[in-house]
Protein chains: 2
Amino acid sequence: MISLAEENYLKALFNLSNEIGEVNVNELSKELKIKMPTVTSMMKKLSEKKLVYYESYKPVKLTEKGKKEAGLIIRKHRLTEMFLVEKMGFGWEEVHEIAEQVEHIQSFNFFEKMDELLGFPQVDPHGSPIPDKNGKITWVEYNKLSECKTGDIVKLSAVIHTSSDFLKFLNTRELKLGLKIKIKSIESFDKSMVVSYGKRPSESLSHTVCERLLVEHV
Amino acid sequence: MISLAEENYLKALFNLSNEIGEVNVNELSKELKIKMPTVTSMMKKLSEKKLVYYESYKPVKLTEKGKKEAGLIIRKHRLTEMFLVEKMGFGWEEVHEIAEQVEHIQSFNFFEKMDELLGFPQVDPHGSPIPDKNGKITWVEYNKLSECKTGDIVKLSAVIHTSSDFLKFLNTRELKLGLKIKIKSIESFDKSMVVSYGKRPSESLSHTVCERLLVEHV
DNA sequence: TAAATTTGTTAGATTAATCTAACTTTATAG
DNA sequence: CTATAAAGTTAGATTAATCTAACAAATTTA
C-alpha cells in the first residue's frame, strides 16, 4: 500500500524527471516544500519498497514500478481535471487544486467511469497527456512558442506550469488550446512576440509567456 | 482546521446521535472500529475545540458547532452519492465507499457544483435527507414497513443501513425508492410480510428487511 | 448489596511524517 | 588546489493517531 505522502513524492518525482531527467534531493525538497532530511528518509523508504533507486549523495530515479504508480496517480489527476472542466463546468484555472485531492481517491471504477464519460480523452484541459491504465504516457513533441520564428503559423496545443494566475492571464487574452496563432514579429531586445489570433490582430506576449506555450506547426 | 480523523469522529457521532440520542465511548469505538482509549483521547481533543461536550464517564454530545461541521460532512457525502448515481451511472450499492473518500475533499465550489448540476436534491439515493449549506437537516418522519399492517398501501421512501449487500438484495427484488407496496399478509410467527408491488404479485420479506425499509402511507 | 460484568480512563509504546541542529560530502570559485 | 558554498545525511525531537496493559468507575445480576 502506498500512503498519501508517498504518492505525493512519486508524483513530484515523475513530474520533475520529465523536465530534468534525474532529480536530486534538494529539488524534490523545494518542489514539495518539505525539508531535505525528510525527503532523504522518505527516499530510503521508497527505495525499500522498490519504487525508486536511491544511493546516498546521488540523484534519485523512479524504478519501473515507481513510474507505473506515479503514472497512475497522474492519470487520476488529469482525468479529474478533464472531468471537472468538461462535465462539471469548471474553468481550467480552477481545477488543479481540486484534482490534487481527488487524485488520491482509491477506486478503480470511479476513474474508469470518468474516462468512459469523457470518451477516453488523450490530454487534459492544459494539453498534458493522460497516462494509460498501465501508467504509460505517450509523449507528443511540441515546440515552445518562444522557439518559433517570424511568419510561423502554429496551433496552441498545451501550456506548461499550470498556475492559476497564468491560466487566468491566458483567459483574459482569449488564449485557448487549439487556437491558430501567427507570429508577426519578435522584439530582439526582450524576445517578446507580437502575434495575431482569433479576433485579435495584434497582441504582444512576453518571452516568459511564450516559453510556457507549447505549439505544433501547421 | 478539522483533520480527516476528526471528521470521521464527528460524522459517526452525528449518525449515532440520530439513532440513539446520546452516544457513549463504547458505541463510538465499535462504530469506528477504533479502540476505546483512542476514542477517549479524541473526545478530549474535540472538546477543547468546542466540537463536543465531554465529561469523564458520561455520554458524548455534539455542540452546535460540532453538529454544523458534522452536517456539512454528511452533506458532502450525500451530494456525492447522488452525483455518482445520477450523473455518473453508478448503482446505489456502489457509491458509499467512494463517497466516504470524496466527503473529505476541501472545496466549497466542488460540492456547490454537484448540488447545482443535480438540481438541489433534498435526499440522497437511499432516501436520506441532504443537510443544507449550514449543515442543518430536515427530518421527514417515515414509518418502518415492519410497523405497518395488513392492507396498507405505502410508498417506499428510504432505506436504513446502506450496506452494499442489503442494497444488492433490494436490487434482486426490484425494490426501488418511490415504489408502491401493498401489504397482503403478515406471518405472526416470524413477522415476515407478504407484499405485492410493481410486476411482482407476491413477495415475502423477512422482518429484518421490513425494519430497514422506510415508507410513507399513501 | 456484594460480586461480576461492562464501560471508561490512564499510562506508556508505536508508527508515519514531519522538523531543527549539527555534521559530512560534493561542487564551485578564486 | 584549497576554501567556501551548496547539497545531503544523521541524530534526535515533535505531533497526530493509533495501540496494549493495567486500573477505575458504573452498571447489571444474582
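Quick caveat: nothing in here was measured; it's all calculated off a predicted structure.
- Taking NE2 of H126(A) as the reference point, atom CZ of F166(A) lies at 10.5 Å (rounded to 0.5 Å).
- Look at OH on Y57(B): it is 6 Å from P on dA25(D), rounded to the nearest Å.
- Under 4.0 Å is where a charged nitrogen must lie from a carboxylate oxygen, and between R75(B) and D115(B) at least one such pair does.
- Applying the ring-ring contact (aromatic ring centres under 6.0 Å, His included) rule to pairs touching residues 50-76 of chain A yields nothing, sequence neighbours excluded.
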Between the protein and nucleotides 18-22 of chain C, which nitrogen or oxygen pairs come in under 3.5 angstrom?
residue, atom, partner, partner atom, Å
dT18(C), OP2, Y9(A), OH, 3.1
dC19(C), OP2, K35(A), N, 3.0
dC19(C), OP2, T38(A), OG1, 3.0

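- In this structure, E22(A) atom CD and dT26(C) atom C1' are separated by 15 Å, rounded to whole Å.
- Side chains of I74(A) and N15(A) form a contact here, defined as non-hydrogen atoms less than 4.5 Å apart.
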Polar atoms only, N or O, under 3.5 Å: list the protein pairs with nucleotides 12-14 of chain C and their distances.
none

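- The NZ atom of K58(A) sits 10 Å away from the P atom of dT26(C) (whole-angstrom rounding).
- Protein atom CG of L4(B) is 15 Å distant from nucleotide atom P of dA16(D), rounded to whole Å.
- Counting heavy atoms of neighbouring residues, nucleotides and ligands inside a 6.0 Å radius, atom CD of E112(B) exceeds 12 of them.
- Between the C1' atom of dT9(D) and the NZ atom of K44(A) lies a distance of 7 Å, rounded to the nearest Å.
- K30(A) has its NZ atom 10 Å from the P atom of dA6(D), to the nearest Å.
- Cation-pi geometry between K113(A) and F90(B) is satisfied (NZ or CZ under 6.0 Å from the ring centre, within 45° of the ring normal).
- Each of dT7(C), dT9(D), dA25(D) was ranked by its minimum atom distance to the side chain of V25(A); first place goes to dT9(D).
- Proximity of T40(A) to the phosphate of dT9(D): a side-chain N or O atom is located under 4.0 Å from OP1 or OP2.
- Taking atom CG of N24(A) as the reference point, atom C1' of dA7(D) lies 8 Å away to the nearest angstrom.
- Atom CG in L46(A) sits about 13 Å away from atom P in dA16(C), given to the nearest Å.
- Among all heavy-atom pairs drawn from L84(B) and A99(B), the shortest one is CD1-N, 4.4 Å.
- In this model, a donor atom of one side chain and an acceptor atom of the other lie less than 3.5 Å apart for N8(A) and H104(A).
- With N134(A) contributing its side chain and K136(A) its backbone, the two residues share no donor-acceptor pair below 3.5 Å.
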